[in-house]
Colleague: 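Dumping the structure here so I can ask a few things about it.
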Amino acid sequence: MGEFWPVADALTYLAGNWRTERTVRDLASGDEGEFSGTTTFGRLEEGGLLSQESGIFVWQGVPRPAERTLRFLPGRTPGTADVRFSDGRPFHDLDLTSGHHVADHPCAADFYRGEFSVLDADHWRTVWRIGGPAKDLALTTHYTREPTDGHAGATHDH
């Protein structure tokens, strides 16, 4: 198919800074929101990465600051990751060796299914579907690698 870009090691691929653009769609009401910000995957001393997302979430025309922190720890097999909430609770596994991964996460009465797609060296996407008694949401996030100072051909618009 060629749609996905295989990644030998998820943690190596994710390390660094990413521009983050997310749409949130309430499939029941038709309401839509948008998040725009950055996600930084910084190295943890004990191994793995600390993912820190911050930006502005606009829902029903109201902008609010939003942030989220996750821990991406080395997984059970080489090249995979064990993704945990900031307090250490398990979230999902992550295996990008095929460039594509589906993860499930039950949460109380709700169920989360995440689809991860690596598009190329500098672009990846997640699509989360959240369903439950009071929720029917679709969250689509596009990540674009931020250029670094040492990156060949990188331009800065500052």
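Just the heavy atoms: all of them, side chains too, but no hydrogens, waters or symmetry mates, feed the values below. All values derive from a computational prediction rather than experimental measurement.
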Colleague: Looking only at heavy atoms, which two atoms of R145 and W18 are closest? And how far apart?
Modeller: N-CE3, 3.2 Å
Colleague: Of all residues at least two apart in sequence or in a different chain, which pass the salt bridge (charged side-chain N to carboxylate O under 4.0 Å, His left out) check with D82?
Modeller: R84
Colleague: With sequence neighbours left out, write down each residue that passes side-chain contact (heavy atoms from CB on, under 4.5 Å) with T77, or none if nothing qualifies.
Modeller: T80
Colleague: Would you check if the side chain of H101 reaches a backbone N or O of L96 as a donor-acceptor pair within less than 3.5 Å?
Modeller: no
Colleague: Looking at every non-hydrogen atom in both residues, tell me the closest pair between F85 and P90 and how far apart they are.
Modeller: CE1-O, 3.6 Å
Colleague: If you look only at distance, which donor and acceptor atoms sit under 3.5 Å apart when one is on a side chain in residues 54-74 and the other is two or more places apart or in another chain?
Modeller:
unit_1, atom_1, unit_2, atom_2, d
Q60, NE2, D31, OD2, 2.9
R71, NH2, E46, OE2, 2.5

Colleague: Name all residues meeting the salt bridge (charged side-chain N to carboxylate O under 4.0 Å, His left out) criterion together with D120; count only those two or more places apart in sequence or in a different chain, and write none if there are none.
Modeller: none
Colleague: Name all residues meeting the side-chain hydrogen bond (donor to acceptor under 3.5 Å, both in side chains) criterion together with S36; count only those two or more places apart in sequence or in a different chain, and write none if there are none.
Modeller: E21
Colleague: Can you tell me which residue among W124, Y13, F35 is in a ring pair (Phe, Tyr, Trp, His ring centres under 6.0 Å) with Y143?
Modeller: W124
Colleague: Which heavy atom in T141 sits nearest to a heavy atom in R22, and how many Å separate them?
Modeller: OG1-NE, 2.6 Å
Colleague: Could you tell me whether the side chain of F4 reaches within less than 4.5 Å of the side chain of V118, counting heavy atoms only?
Modeller: no
Colleague: Report the residues that fulfil side-chain contact (heavy atoms from CB on, under 4.5 Å) with R76, sequence neighbours left out, ordered by chain and then residue number.
Modeller: none
